Amino acid sequence: MTLWFVFALMTVAAIFAVLWPLSRRGRADTGGSEVVVYRDQLAEIDRDMAAGIIGAAEADAARVEISRRLLAAADQIGRETPVQGSLNLRRTAAIVGLVGLPVIASSFYLALGSPRLGDFPLAERGRVADANQPLANLVAQVEAHLEKNPTDGRGWTVLAPVLSRLGRYDDAVRAYRNAITYAGDSADRRADLGEALMGTAGGVVTADAKAEFERAVALNGDDAKANYFLGLAAEQDGRKADAAALWQKMLAKAPADAPWRPLVQAALVRVGGSVPGGVSAPALPDSAVAAARDMSEADRGTMIKGMVDRLATRLKTNGDDVEGWLRLVRAYLVMGERDKAMSALADARQAVGNDADRLRQLNEGLKNLGLDG
């Protein structure tokens with residue numbers, strides 16, 4: 001408030017400084033005063049001559065000089081009359097400018113500015129989010145903002161997945177529910193909410209989580225996350241055939257480069273289903289395939305696992321075989337051992353990291369498997 005008062009005083013002082021000189025009378029009135037003086041002097045000469053103070057010759061000379069000055073003063077009055085009109089015009093223009101400009105500026109500010117925007121104290125400026133701060137500090141700042149602005153749907157949308165990654169599943173569930181309430185319902189938000197509910201139950205697809213996945217599918221029948229977890233719910237309920245049917249449908253409709261394909265393929269193999277357009281086991285030599293035809297499912301699985309273990313052992317001594325690394329990673333994914341697949345991926349990159357061509361070949365192969373190359 002004090003600052004605005006100072007600004008007002010400065011504005012008044014500026015207006016006064018401009019208007020004061022313009023308000024003073026100009027020289028237009030001085031010409032009239034000189035005419036009166038000169039006429040008085042002529043009358044005084046006549047009185048002095050009548051009193052015998054000056055002679056006739058001196059009186060004539062004085063009259064001539066005073067008359068010349070009188071004519072000059074009268075002529076000056078005639079020339080200054082339009083100047084007075086011009087001065088009045090300048091005064092009017094000055095007043096209009098000094099009053100009109102603030103009015104116009106104020107109108108623009110009220111239309112385009114933010115006169116109701118509150119102050120941003122220095123202490124608050126120091127708490128602006130910094131990308132270099134720890135994630136927990138940034139989350140705390142967002143949470144503090146949402147406490148004051150609980151209807152900020154965009155804020156809840158940003159916060160919810162971060163809370164899930166931090167393992168704060170109860171808070172993530174609340175955040176996703178608020179995001180749906182204030183930012184709108186969508187298949188993605190429903191699927192993410194269902195996944196957060198699974199987090200609170202240790203990875204189990206509970207009834208509440210399943211209900212959210214079903215709502216997501218109702219909004220978007222092709223939502224990959226919701227369909228996958230609905231298949232997982234069927235598997236957890238012992239309905240492996242239903243799970244396989246759902247996952248097979250997903251794979252049949254999905255593009256070849258879908259990043260989630262290896263995960264669904266591994267799940268499908270786990271419940272005994274066949275992968276559409278692919279194989280349900282790691283690539284084997286033709287002789288091994290022929291020998292496996294007459295084996296039981298358990299024996300076939302044991303044989304495949306043994307071959308994968310031997311491939312992993314060989315790659316530890318000969319890490320330049322990029323195709324071997326890709327077969328190993330794919331085998332682990334199909335067998336449902338994603339942790340081993342990620343470990344093999346890291347070992348492969350370390351083994352070929354000094355060879356740019358092999359590293360590029362490896363990354364391209366990983367992209368084909370749906371992994372980030």
Side-chain angles (χ1 to χ4, degrees), residues 161 164-165 167 169 172 187-206 209-210 212-214 216-217 220-283 301 304-305 308 311-312 325-349 362-373:
S164 289
R165 286 195 293 270
Y169 296 113
D188 289 340
R189 292 191 178 105
R190 289 292 180 181
D192 290 339
L193 173 57
E195 188 176 17
L197 288 167
M198 286 179 57
T200 63
V204 177
V205 184
T206 62
K210 183 179 178 181
E212 296 300 335
F213 295 135
E214 290 173 343
V217 171
N220 177 13
D222 295 329
D223 188 272
K225 179 182 289 188
N227 279 298
Y228 170 75
F229 283 123
L230 285 176
L232 186 62
E235 181 186 5
Q236 290 177 354
D237 291 342
R239 296 181 289 109
K240 293 186 177 182
D242 293 341
L246 182 55
W247 289 332
Q248 285 173 338
K249 183 179 178 181
M250 288 179 63
L251 292 172
K253 296 172 62 176
D257 59 349
W260 44 263
R261 285 188 70 94
L263 177 64
V264 177
Q265 289 173 346
L268 189 55
V269 171
R270 188 173 63 243
V271 296
S274 60
V275 179
V279 294
S280 58
I304 292 173
K305 187 176 184 304
V308 171
L311 176 61
W325 283 115
L326 292 173
R327 287 199 304 272
L328 180 63
V329 171
R330 183 174 182 274
Y332 282 139
L333 289 174
V334 173
M335 293 167 63
E337 298 179 348
R338 189 173 180 81
D339 292 341
K340 289 186 178 181
M342 295 298 102
S343 178
L345 187 154
D347 292 340
R349 283 182 172 155
L362 175 66
N363 288 333
E364 290 175 355
L366 292 174
K367 287 182 180 179
N368 293 333
L369 292 177
L371 300 175
D372 183 13

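The structure displayed is predicted, hence computed values, not measured ones. Residue numbers run from 1 in the order of the sequence given.
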Between [atom1] of [X] and [atom2] of [Y], what distance do you get to the nearest 0.5 Å?
X	Y	atom1	atom2	answer
R190	N220	CZ	CG	14.0 Å
K210	Q236	NZ	CD	10.5 Å
L193	D188	CG	CG	12.5 Å
W325	R349	CH2	CZ	12.5 Å
L230	D242	CG	CG	11.5 Å
L197	E212	CG	CD	6.0 Å

Kindly indicate whether the side chain of L328, heavy atoms from C-beta on, has any atom under 4.5 Å from the side chain of K340.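 In short, these two side chains do not touch, never coming nearer than 4.5 Å.
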A side-chain contact here means heavy atoms from C-beta on lying under 4.5 Å apart; do K249 and N227 qualify?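 Heavy-atom side-chain distance check fails, nothing below 4.5 Å.
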Set of residues satisfying side chain to side chain contact (heavy atoms under 4.5 Å, CB included) with respect to S343, sequence neighbours excluded: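 By the side chain to side chain contact (heavy atoms under 4.5 Å, CB included) rule, S343 matches D347.
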Using only atom types and a distance under 3.5 Å, with no angle test, would you say the side chain of W247 pairs donor to acceptor with the backbone of Y228?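 Looks like yes, one N/O pair under 3.5 Å.
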With a 3.5 Å distance limit and no angle check, can you tell me whether E235 reaches the backbone of V271 through a side-chain donor-acceptor pair?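 Looks like no, no N/O pair under 3.5 Å.
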Looking only at heavy atoms, which two atoms of [X] and [Y] are closest? And how far apart?
X	Y	value
L246	G231	CD2-N, 3.3 Å
S164	Y169	O-CE2, 3.7 Å
R261	L251	NH1-O, 3.2 Å
A341	V329	CB-O, 3.8 Å
A191	D223	CB-OD1, 3.6 Å
A196	A172	CB-CB, 4.3 Å

Does the pair D192/K225 count as a salt bridge with the N-to-O cut at 4.0 Å?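 Looking at D192 and K225, the cut-off is met.
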Under the salt bridge (Lys or Arg N to Asp or Glu O under 4.0 Å) test, residues paired with K240 that sit two or more places apart: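 Salt bridge (Lys or Arg N to Asp or Glu O under 4.0 Å) list for K240, sorted by chain: empty.
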